Amino acid sequence: MIFMKLIASFLIGYVFGNFQSSYIFVKLLKKRDIREIGSGNAGTMNTFLNVGETIGILVLFCDMLKTIIPAIICTIFFGEIDVGEIISICSLGVFLGHCFPFWLGFKGGKGVAVAVAFALTLDIRNFLTAVIVAGIFGILIKSATYGSYTFAIMLFVCAVDFGYGKWVVLSAFIQSLAIVLLHIRGKSRLVATK
(Lines give C-alpha, C1' and ligand atoms only; values in the text may rest on other atoms or scores of the structure.)
Protein backbone atom coordinates (compact mmCIF):
# COMPACT_ATOMS: atom_id res chain seq x y z
CA MET A 1 0.00 0.00 0.00
CA ILE A 2 2.80 2.42 0.91
CA PHE A 3 4.70 1.44 -2.25
CA MET A 4 1.63 2.25 -4.38
CA LYS A 5 1.35 5.66 -2.71
CA LEU A 6 5.01 6.34 -3.48
CA ILE A 7 4.35 5.41 -7.12
CA ALA A 8 1.34 7.74 -7.11
CA SER A 9 3.49 10.53 -5.68
CA PHE A 10 6.07 9.99 -8.41
CA LEU A 11 3.41 10.08 -11.15
CA ILE A 12 1.76 13.21 -9.73
CA GLY A 13 5.19 14.84 -9.71
CA TYR A 14 5.89 13.76 -13.29
CA VAL A 15 2.61 15.28 -14.50
CA PHE A 16 3.42 18.61 -12.80
CA GLY A 17 6.96 18.46 -14.18
CA ASN A 18 5.58 18.40 -17.71
CA PHE A 19 4.43 22.00 -17.29
CA GLN A 20 7.25 23.46 -19.39
CA SER A 21 7.03 27.09 -18.36
CA SER A 22 9.96 28.25 -20.53
CA TYR A 23 8.44 26.70 -23.65
CA ILE A 24 4.93 27.97 -22.85
CA PHE A 25 5.83 31.55 -21.89
CA VAL A 26 8.32 32.10 -24.72
CA LYS A 27 5.77 30.70 -27.19
CA LEU A 28 2.97 32.88 -25.81
CA LEU A 29 4.91 36.11 -25.24
CA LYS A 30 7.59 35.97 -27.95
CA LYS A 31 6.00 33.63 -30.52
CA ARG A 32 9.23 31.61 -30.59
CA ASP A 33 10.33 28.12 -29.62
CA ILE A 34 12.81 28.26 -26.72
CA ARG A 35 14.41 25.08 -28.09
CA GLU A 36 15.57 27.08 -31.12
CA ILE A 37 17.13 29.87 -29.05
CA GLY A 38 20.56 29.97 -27.39
CA SER A 39 21.58 26.56 -26.08
CA GLY A 40 18.33 25.02 -27.31
CA ASN A 41 17.44 24.05 -23.75
CA ALA A 42 13.89 24.49 -22.48
CA GLY A 43 14.97 25.74 -19.08
CA THR A 44 15.29 28.74 -16.79
CA MET A 45 18.89 29.75 -17.55
CA ASN A 46 18.51 29.64 -21.34
CA THR A 47 15.35 31.73 -21.04
CA PHE A 48 17.02 34.21 -18.69
CA LEU A 49 20.15 34.63 -20.84
CA ASN A 50 18.60 34.63 -24.30
CA VAL A 51 15.00 35.83 -23.97
CA GLY A 52 15.11 38.31 -21.10
CA GLU A 53 15.20 38.75 -17.35
CA THR A 54 11.46 39.27 -16.91
CA ILE A 55 10.45 36.05 -18.61
CA GLY A 56 13.44 34.29 -17.04
CA ILE A 57 12.29 35.22 -13.53
CA LEU A 58 8.73 34.16 -14.37
CA VAL A 59 10.03 30.79 -15.59
CA LEU A 60 12.17 30.36 -12.46
CA PHE A 61 9.18 31.10 -10.22
CA CYS A 62 6.93 28.64 -12.09
CA ASP A 63 9.58 25.90 -12.22
CA MET A 64 10.03 26.13 -8.46
CA LEU A 65 6.29 26.31 -7.85
CA LYS A 66 5.62 23.20 -9.93
CA THR A 67 7.91 21.31 -7.53
CA ILE A 68 6.53 22.75 -4.30
CA ILE A 69 2.80 22.42 -5.08
CA PRO A 70 2.72 18.65 -5.83
CA ALA A 71 5.00 17.98 -2.83
CA ILE A 72 2.46 19.73 -0.58
CA ILE A 73 -0.45 17.86 -2.23
CA CYS A 74 1.24 14.47 -1.80
CA THR A 75 2.23 15.25 1.79
CA ILE A 76 -1.41 16.06 2.61
CA PHE A 77 -2.92 13.01 0.88
CA PHE A 78 -0.24 10.49 1.85
CA GLY A 79 0.53 11.91 5.30
CA GLU A 80 1.06 8.52 6.93
CA ILE A 81 4.30 8.10 4.94
CA ASP A 82 7.51 9.85 6.05
CA VAL A 83 7.41 13.45 4.78
CA GLY A 84 10.99 13.30 3.49
CA GLU A 85 10.21 10.19 1.45
CA ILE A 86 7.07 11.70 -0.07
CA ILE A 87 8.82 14.96 -0.98
CA SER A 88 11.83 13.20 -2.46
CA ILE A 89 9.84 10.75 -4.62
CA CYS A 90 7.37 13.41 -5.76
CA SER A 91 10.20 15.85 -6.54
CA LEU A 92 12.06 13.18 -8.49
CA GLY A 93 8.93 12.77 -10.62
CA VAL A 94 8.79 16.55 -11.17
CA PHE A 95 12.48 16.59 -12.07
CA LEU A 96 12.15 13.81 -14.66
CA GLY A 97 8.96 15.36 -16.06
CA HIS A 98 10.80 18.69 -16.40
CA CYS A 99 13.90 17.21 -18.04
CA PHE A 100 12.04 14.64 -20.14
CA PRO A 101 8.51 15.94 -20.90
CA PHE A 102 6.57 13.43 -22.97
CA TRP A 103 4.70 16.10 -24.97
CA LEU A 104 7.92 17.78 -26.14
CA GLY A 105 9.62 14.63 -27.34
CA PHE A 106 11.33 14.15 -23.96
CA LYS A 107 13.45 17.28 -24.52
CA GLY A 108 13.09 19.66 -21.59
CA GLY A 109 15.26 21.62 -19.20
CA LYS A 110 18.34 20.65 -17.19
CA GLY A 111 16.50 20.59 -13.89
CA VAL A 112 18.48 23.04 -11.74
CA ALA A 113 15.52 25.23 -10.73
CA VAL A 114 13.45 22.14 -9.95
CA ALA A 115 16.27 20.64 -7.86
CA VAL A 116 16.65 23.94 -5.98
CA ALA A 117 12.93 23.80 -5.16
CA PHE A 118 13.37 20.18 -4.02
CA ALA A 119 16.12 21.28 -1.60
CA LEU A 120 13.94 24.14 -0.34
CA THR A 121 10.88 21.92 0.15
CA LEU A 122 12.89 19.22 1.88
CA ASP A 123 14.88 21.27 4.40
CA ILE A 124 15.95 24.93 4.62
CA ARG A 125 19.44 23.82 5.79
CA ASN A 126 19.89 21.74 2.65
CA PHE A 127 18.69 24.61 0.49
CA LEU A 128 20.84 27.32 2.09
CA THR A 129 24.00 25.21 2.19
CA ALA A 130 23.78 24.06 -1.43
CA VAL A 131 22.69 27.43 -2.86
CA ILE A 132 25.22 29.54 -0.93
CA VAL A 133 28.18 27.27 -1.75
CA ALA A 134 27.13 27.02 -5.42
CA GLY A 135 26.50 30.78 -5.62
CA ILE A 136 29.91 31.68 -4.19
CA PHE A 137 31.70 29.18 -6.42
CA GLY A 138 29.75 30.29 -9.53
CA ILE A 139 30.57 33.96 -8.85
CA LEU A 140 34.28 33.26 -8.20
CA ILE A 141 34.63 31.17 -11.36
CA LYS A 142 32.23 33.49 -13.25
CA SER A 143 30.33 30.53 -14.67
CA ALA A 144 26.66 29.62 -14.22
CA THR A 145 27.47 26.12 -15.49
CA TYR A 146 30.06 25.46 -12.77
CA GLY A 147 27.67 26.96 -10.25
CA SER A 148 25.12 24.38 -11.40
CA TYR A 149 27.67 21.57 -11.09
CA THR A 150 28.52 22.72 -7.57
CA PHE A 151 24.85 22.89 -6.58
CA ALA A 152 24.29 19.36 -7.93
CA ILE A 153 27.20 18.00 -5.90
CA MET A 154 26.14 19.87 -2.76
CA LEU A 155 22.55 18.63 -3.08
CA PHE A 156 23.77 15.05 -2.82
CA VAL A 157 26.43 15.79 -0.18
CA CYS A 158 23.83 17.52 2.04
CA ALA A 159 21.35 14.66 1.64
CA VAL A 160 24.00 12.22 2.89
CA ASP A 161 25.55 14.53 5.50
CA PHE A 162 22.25 15.54 7.11
CA GLY A 163 21.37 11.87 7.62
CA TYR A 164 18.27 11.53 5.45
CA GLY A 165 16.75 8.16 4.56
CA LYS A 166 17.49 6.10 1.46
CA TRP A 167 14.72 7.62 -0.69
CA VAL A 168 15.94 11.16 -0.11
CA VAL A 169 19.55 10.20 -0.82
CA LEU A 170 18.54 8.26 -3.94
CA SER A 171 16.43 11.14 -5.26
CA ALA A 172 19.23 13.64 -4.57
CA PHE A 173 21.77 11.35 -6.27
CA ILE A 174 19.66 10.89 -9.42
CA GLN A 175 18.93 14.62 -9.69
CA SER A 176 22.57 15.56 -9.05
CA LEU A 177 23.92 13.11 -11.61
CA ALA A 178 21.32 14.09 -14.20
CA ILE A 179 22.07 17.83 -13.80
CA VAL A 180 25.78 17.23 -14.45
CA LEU A 181 25.16 14.89 -17.41
CA LEU A 182 22.54 17.17 -18.99
CA HIS A 183 24.90 20.17 -18.73
CA ILE A 184 27.73 18.17 -20.31
CA ARG A 185 25.43 16.99 -23.11
CA GLY A 186 24.12 20.53 -23.64
CA LYS A 187 27.64 21.91 -23.82
CA SER A 188 28.76 19.31 -26.39
CA ARG A 189 25.64 19.95 -28.48
CA LEU A 190 26.31 23.69 -28.40
CA VAL A 191 29.92 23.17 -29.55
CA ALA A 192 28.76 20.82 -32.32
CA THR A 193 26.41 23.46 -33.77
CA LYS A 194 29.09 26.18 -33.97
Side-chain angles (χ1 to χ4, degrees), residues 1-22 41-45 59-102 106 108-135 137 147-185:
M1 188 67 174
I2 289 176
F3 184 72
M4 292 304 295
K5 289 179 178 179
L6 290 174
I7 294 289
S9 296
F10 177 84
L11 293 174
I12 290 167
Y14 184 80
V15 169
F16 271 84
N18 267 263
F19 178 78
Q20 281 293 327
S21 53
S22 62
N41 179 258
T44 301
M45 190 56 71
V59 168
L60 173 64
F61 178 75
C62 288
D63 281 353
M64 291 188 72
L65 211 55
K66 77 180 181 186
T67 306
I68 295 167
I69 290 173
I72 292 171
I73 290 170
C74 290
T75 301
I76 291 169
F77 282 99
F78 308 131
E80 69 274 19
I81 304 173
D82 179 73
V83 173
E85 287 185 9
I86 286 290
I87 290 172
S88 60
I89 294 299
C90 179
S91 296
L92 180 60
V94 175
F95 181 86
L96 294 175
H98 174 80
C99 297
F100 309 104
F102 71 89
F106 301 99
K110 294 175 186 172
V112 178
V114 172
V116 168
F118 163 54
L120 177 62
T121 309
L122 183 64
D123 187 338
I124 193 70
R125 298 173 304 160
N126 196 332
F127 169 76
L128 289 174
T129 305
V131 168
I132 289 170
V133 171
F137 191 77
S148 296
Y149 289 156
T150 307
F151 172 79
I153 293 165
M154 289 305 299
L155 179 69
F156 176 64
V157 167
C158 288
V160 173
D161 194 46
F162 293 155
Y164 292 113
K166 62 183 178 183
W167 291 112
V168 176
V169 173
L170 179 64
S171 180
F173 175 74
I174 292 170
Q175 292 185 53
S176 299
L177 182 63
I179 287 169
V180 172
L181 294 177
L182 288 168
H183 274 83
I184 291 170
R185 186 184 75 176

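The shown structure was predicted, so the numbers you read here are calculated from the model rather than taken from an experiment.
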Between the side chain of [X] and the main-chain N/O of [Y], is any donor-acceptor distance below 3.5 Å?
X	Y	answer
Ser22	Ala42	yes
Ser171	Trp167	no
Lys110	Asn41	no
Asp63	Gly43	no
His98	Val94	no

Closest non-hydrogen atom pair between [X] and [Y], with its separation:
X	Y	result
Val116	Phe127	CG1-CE1, 3.5 Å
Asp123	Arg125	OD2-NH2, 2.7 Å
Ala159	Asn126	N-ND2, 4.2 Å

For the residue pair [X] and [Y], establish whether any side-chain heavy-atom pair is separated by less than 4.5 Å.
X	Y	answer
Met154	Ile132	no
Ile81	Thr75	no
Leu11	Ile7	yes
Ser148	Met45	no
Phe102	Tyr14	yes
Thr129	Phe162	yes

Once side chain to side chain contact (heavy atoms under 4.5 Å, CB included) is applied, do any residues pair with Phe10, and if so which ones, sequence neighbours excluded?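 So Phe10 forms a side chain to side chain contact (heavy atoms under 4.5 Å, CB included) with Ile89, Leu92, Leu96.
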At what distance, to the nearest 0.5 angstrom, does SG of Cys99 lie from CD of Gln20?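 Output value for this atom pair is 8.5 Å.
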Please name all residues satisfying side-chain hydrogen bond (donor to acceptor under 3.5 Å, both in side chains) with Thr121, sequence neighbours left out, ordered by chain then number.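 Expected list: none.
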Residues forming a ring pair (Phe, Tyr, Trp, His ring centres under 6.0 Å) with Phe156, sequence neighbours excluded: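 Residues passing ring pair (Phe, Tyr, Trp, His ring centres under 6.0 Å) with Phe156: Phe173.
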